[in-house]
Amino acid sequence: MSGEKIKAIYGTRDILPVEADIWRKIVTAVSKTADEYNYGFIHTPIFEATELFSRGIGEASDVVTKEMYTFRDQGDRSLTLRPEGTASVVRSYIEHSMGSRQGLVKVWYAGPMFRQERPQAGRFRQFYQFGFEAIGSLDPSIDAEIIAANYNIMESLGIDDKKLYVNSIGMPEERKSHKKAFSDFIKPILDEFCVDCKKRFMTNPLRMFDCKREECIALLKDAPVMFDYLSAENRKHFDTVCEFLNHAGISYELDKKMVRGLDYYTRTAWEIKCDKLGSQDAISGGGRYDLLVEQLGGKPTPGIGFAAGIERVMLAMPEKEPEGSRKNFGFFIVVRDSRYKKDAFGLVMKIRKLGLPADMDYLGRSLKAQMKQADKSGFCYSIILAEDEMARGKAVLRNMVDSRQFEIELNGLLKVKNAIQLGEMIGRK
RNA sequence: GUGGAUGUAGCUCAGUUUGGUUAGAGCGCUAGGUUGUGGCCCUGGAGGCCGUGGGUUCGAGUCCCAUCAUCCACCCCA
């Protein structure tokens, strides 16, 4: 009856300590870059009014039409688990009138996002993203800064097989005239495309550029691209962004066929891909959203940002060195006889109070097992409480790296006031 | 939502083709070899509703059907 195992929901997963360690390293690196670039951290709620996303991301987008976790609360309000971070940040920006307090608002976030898609490699229903947003400037220099931040984070995480692609997808009017030219180009040859592309042509024609079939790619070789329909002004904006990137020594590639999935994107768009990831190779993507603030009820304000998928970043990161030989400063207390357990406990507490890691056996295991555990704990010292030494008020300090060991004064150890004294006591012998 | 693959020990998997006593290996866990000490080696031990339900059969991990779950790919996205 009660034996049914409850498992994590399809598309969600536990991040166990070994993995969480890498996770923490990533967020620490992101946080460091954010500090360097002067972006402040922002927490927004994990669920929001459904309307925020339908209005922000686009009523017709895939994310909104079929991928959101939407539910009603006790007040019969329609709420949605956030599928992405930008809409919430912009909502917060408007709600707190951040724009009137400072000209340019630079923030970053990290946390879980939710999309009801079919899971596969590098894709989950609850997944984690971090992202940067800069709201309030249309100057090309901010484009370059935030792209640089994005790129530098990936660099600092040691991701080598990455490529930065940039493009400009213009503004609605430009897109309109391009769309017409594109349709005129496709219509006569539409029959030659695959079924998916035909479907795309009806719903979101530019998506045809994403098709992986050789035949479709060949047919699109000379198709008009948005980039060639940019206004002089926007073209200049993009060129200036590129100049800034060149100046900063950031290598990128112009990808005129790059398309964005979310409706709010305008002008500058970019993507970082990692070719060893397989099908889901985009680890990070971003762009301008110059109409979004207004769309969500704020004053017309340009914005720009990016988001990166932490799971994908993890897949792209180089294999970490096998743990084993790695030892951290810390102490594992071992007792030769159970009557010393209280002494061990007191010692552990004492060392922790000094601000240092310490642990002991809580399973009443044999000496051999305790030593094994000491080894696995990754601490570089064990302290063994043994009969002969204890009788003389001493304990055995064993170096778990080079196996040298010697006696130390147990009383002295308990009287140590800080980590430096402890270090000296250990170092003296 | 569509297509393909896979479910056997905590983990990675063998065994399924050709049904036949108590279902295996490596790693991990645990106790010992070492009467005072981890890593290497050796020996023992624990740990399995063979995903679930039904069917065929004297007999099913193995064959058939259903179902659930997971993975990969498409779609889309980070």
Side-chain angles (χ1 to χ4, degrees), chain A residues 3-5 7-13 16 18 57 61-67 83-86 110 112-131 150 154 194-197 199-200 203-204 207 210-213 259-262 265 270-274 277-287 305-316 324-325 327 332 334-337 361 363-390 396-405:
Chain A
E4 273 294 291
K5 269 192 209 163
K7 296 198 289 182
I9 301 300
Y10 188 42
T12 72
R13 64 199 198 100
L16 304 180
V18 178
I57 299 170
S61 66
D62 275 46
V63 171
V64 170
T65 53
K66 50 189 197 195
E67 293 174 4
E84 60 105 42
T86 302
M113 306 294 164
F114 306 84
R115 287 182 203 170
Q116 222 168 140
E117 305 175 89
R118 189 65 67 94
Q120 68 183 73
R123 184 161 75 196
F124 303 91
R125 290 186 162 184
Q126 172 170 341
F127 59 104
Y128 292 81
Q129 287 190 333
F130 60 83
N150 190 352
M154 300 309 163
C194 69
V195 247
D196 284 331
C197 276
K199 229 183 288 170
R200 288 190 186 105
T203 55
N204 189 353
R207 280 272 153 216
D210 286 346
C211 190
K212 283 156 190 159
R213 280 170 44 107
V259 185
R260 298 273 64 191
L262 279 50
Y265 284 116
W270 72 96
E271 218 160 73
I272 295 178
K273 288 187 181 181
C274 176
L277 247 54
S279 180
Q280 309 300 321
D281 59 352
I283 54 178
S284 184
F306 71 84
I310 295 184
E311 288 86 352
R312 291 186 190 178
V313 167
M314 266 170 80
L315 289 175
S325 54
K327 296 273 187 199
F332 196 95
V334 169
V335 295
R336 269 204 41 81
D337 188 295
D361 164 62
L363 294 172
R365 294 199 272 202
S366 68
L367 178 66
K368 180 173 179 163
Q370 290 181 60
M371 288 306 293
K372 269 185 151 176
Q373 205 185 338
D375 189 33
K376 268 187 297 188
S377 72
F379 294 151
C380 55
Y381 291 106
S382 60
I383 295 173
I384 305 161
L385 305 186
E387 297 85 343
D388 290 357
E389 288 80 2
M390 288 296 276
V396 177
L397 177 77
R398 182 176 174 86
N399 184 319
M400 297 303 279
V401 179
D402 60 19
S403 300
R404 288 187 312 155
Q405 65 180 45

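To find a chain, count down the sequence lines: A is the first, B the second, and so on, and within it residues start at 1.
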Examine the base of B:U37 for any acceptor or donor lying under 3.5 Å from a partner atom in the side chain of A:Arg336, and report the outcome as yes or no.
no
If the C1' atom of B:G19 is compared with that of B:A78, how far apart are they to the nearest Å?
49 Å
So what does A:Ile283 hit on the nucleic acid, given a heavy-atom distance under 4.0 Å: a base, only sugar-phosphate, or nothing?
sugar-phosphate
All heavy atoms of A:Tyr381 vs all of A:Asn399, minimum pair found to be CD2-CA, 3.9 Å
When you compare B:G20 with B:G24, how far apart are their P atoms, in angstrom units rounded to a whole number?
14 Å
When you compare B:G39 with B:C29, how far apart are their P atoms, in angstrom units rounded to a whole number?
11 Å
Hey, does A:Arg398 have a side-chain heavy atom less than 4.5 Å from the side chain of A:Met371?
yes
Using Watson-Crick or G-U wobble geometry with both distances under 3.5 Å, which nucleotide pairs with B:U57?
none
Heavy atoms under 4.0 Å, any strand shown: does A:Lys368 hit a base, just sugar-phosphate, or nothing?
base
Just to be sure I understand the rule, does A:Gly122 reach a base, reach only the sugar-phosphate, or reach nothing, if contact means heavy atoms closer than 4.0 Å?
base
Using Watson-Crick geometry (N1-N3 plus N6-O4 or O6-N4) or G-U wobble (N1-O2, O6-N3), each under 3.5 Å, B:U70 is paired with B:A5
Students often get this wrong, so: under 4.0 angstrom with heavy atoms, is A:Ala374 touching a base, only sugar-phosphate, or nothing?
nothing
Choosing from B:C74, B:A73, B:G39, which nucleotide comes nearest the side chain of A:Arg398?
B:G39
Categorize A:Arg118 for me: base, sugar-phosphate, or nothing, with a 4.0 angstrom heavy-atom threshold over every strand shown.
base
Would you tell me if any nitrogen or oxygen in the side chain of A:Gln129 comes within less than 4.0 Å of OP1 or OP2 on B:A78?
no
Just to be sure I understand the rule, does A:Tyr10 reach a base, reach only the sugar-phosphate, or reach nothing, if contact means heavy atoms closer than 4.0 Å?
sugar-phosphate
Confirm from the modelled atom types if A:Gln405 and B:U37 form a donor-acceptor pair under 3.5 Å, side chain to base only.
yes
Contact class for A:Arg213 (heavy atom, under 4.0 Å): base, sugar-phosphate, or nothing?
nothing
Which whole-number value in Å describes the distance from A:Lys199 NZ to B:C76 C1'?
12 Å
Using whole Å, report how far OH of A:Tyr381 lies from P of B:U37.
22 Å
Taking only the C1' atom of each, what is the distance from B:A46 to B:G32 in whole angstrom?
14 Å
Return the nearest nucleotide to the side chain of A:Lys372; candidates are B:G39, B:C76, B:C75.
B:G39
A:Arg312 backbone acceptor or donor facing A:Gln280 side chain under 3.5 Å:
no
Supply the atom-to-atom distance A:Leu385 CG to A:Gln370 CD, rounded to the nearest 0.5 angstrom.
9.5 Å
Paired with B:U21: which nucleotide, if any, by Watson-Crick or G-U wobble criteria at under 3.5 Å for both distances?
none
Interatomic distance at P, B:U2 relative to B:U67, whole Å
13 Å
Considering only heavy atoms from C-beta outward, does the side chain of A:Cys197 approach that of A:Arg213 to under 4.5 Å?
no
Validation row: A:Ile283, A:Met314 side chains within 4.5 angstrom (heavy atoms):
no
Of the nucleotides B:C72, B:A31, B:C74, which one has an atom closest to the side chain of A:Ala369?
B:A31
Side-chain N or O of A:Arg260 less than 4.0 angstrom from OP1 or OP2 on B:A78?
yes
Just call it for A:Gln373: base, sugar-phosphate, or nothing, with non-hydrogen atoms closer than 4.0 Å on any strand.
nothing
For A:Glu67, which contact category applies under a 4.0 Å heavy-atom criterion: base, sugar-phosphate, or nothing?
sugar-phosphate
Rounded to whole angstroms, how far apart are CG on A:Leu367 and P on B:G32?
10 Å
Rounded distance (Å) that lies between atom C1' of B:C74 and atom CZ of A:Arg200:
9 Å
Pick the nucleotide of RNA chain B nearest each of A:Pro119 and A:Asn399; which residue has the one closer to the 5' end?
A:Asn399
Describe, in one word, how the ring planes of A:Phe332 and A:Phe379 are oriented to each other, choosing from parallel (under 30°), tilted (30 to 60°) and perpendicular (over 60°).
tilted
Whether the side chain of A:Lys7 and the base of B:G51 hold a donor-acceptor pair under 3.5 Å is what I'd like checked.
no
Please say whether more than 12 non-hydrogen atoms of neighbouring residues, nucleotides or ligands are located less than 6.0 Å from CG in A:Leu363.
yes
If you look at every strand shown and take non-hydrogen atoms under 4.0 Å, does A:Phe124 touch a base, only sugar-phosphate, or nothing?
base
Which whole number of Å gives the distance between the C1' atom of B:C65 and that of B:C58?
22 Å
Pairing nucleotide - B:G36, Watson-Crick or G-U, each distance under 3.5 Å:
none
By nearest nucleotide on RNA chain B, pick out whichever of A:Met400 and A:Lys376 is the more 5' one.
A:Lys376
Between B:C75 atom P and A:Asn204 atom CG, what is the distance in whole Å?
13 Å
Given B:G36, B:A73, B:G39, which nucleotide is nearest the side-chain atoms of A:Ser403?
B:G39
Output the single nucleotide from B:G36, B:C29, B:U2 whose closest atom is nearest the side chain of A:Glu389.
B:G36
Any idea which of B:C72, B:U37, B:A78 is nearest the A:Val396 side chain?
B:U37
Donor-acceptor contact below 3.5 Å, side chain A:Lys327 vs main chain A:Asp375
yes
Polar side-chain atom of A:Arg125 near backbone of A:Glu117 as donor-acceptor pair, under 3.5 Å
yes
Just how far, in rounded Å, is P of B:C75 from CG of A:Asp210?
8 Å
Picking from B:C76, B:G36, B:G33, the nucleotide nearest the side-chain atoms of A:Glu117 would be B:C76
A:Gln370 CD to B:G36 P, straight-line distance once rounded to whole Å:
14 Å
Does a side-chain N or O from A:Gln280 land closer than 4.0 Å to OP1 or OP2 of B:A78, or not?
no
Base-pairing mate for B:G44 - Watson-Crick or G-U, with both contacts under 3.5 Å
B:U30
Using atom C1' in both nucleotides, what's the gap between B:G47 and B:A31 to the nearest angstrom?
15 Å
Nearest to the A:Ser366 side chain among B:G36, B:U37, B:A31, which nucleotide is it?
B:A31
Please report, rounded to the nearest Å, how far the C1' atom of B:C72 is from the CG atom of A:Leu277.
14 Å
Roughly how far apart, to the nearest Å, are B:C63 and B:U17 at atom P?
5 Å
Side-chain donor or acceptor of A:Arg123 under 3.5 Å from a matching atom on the base of B:C76?
yes
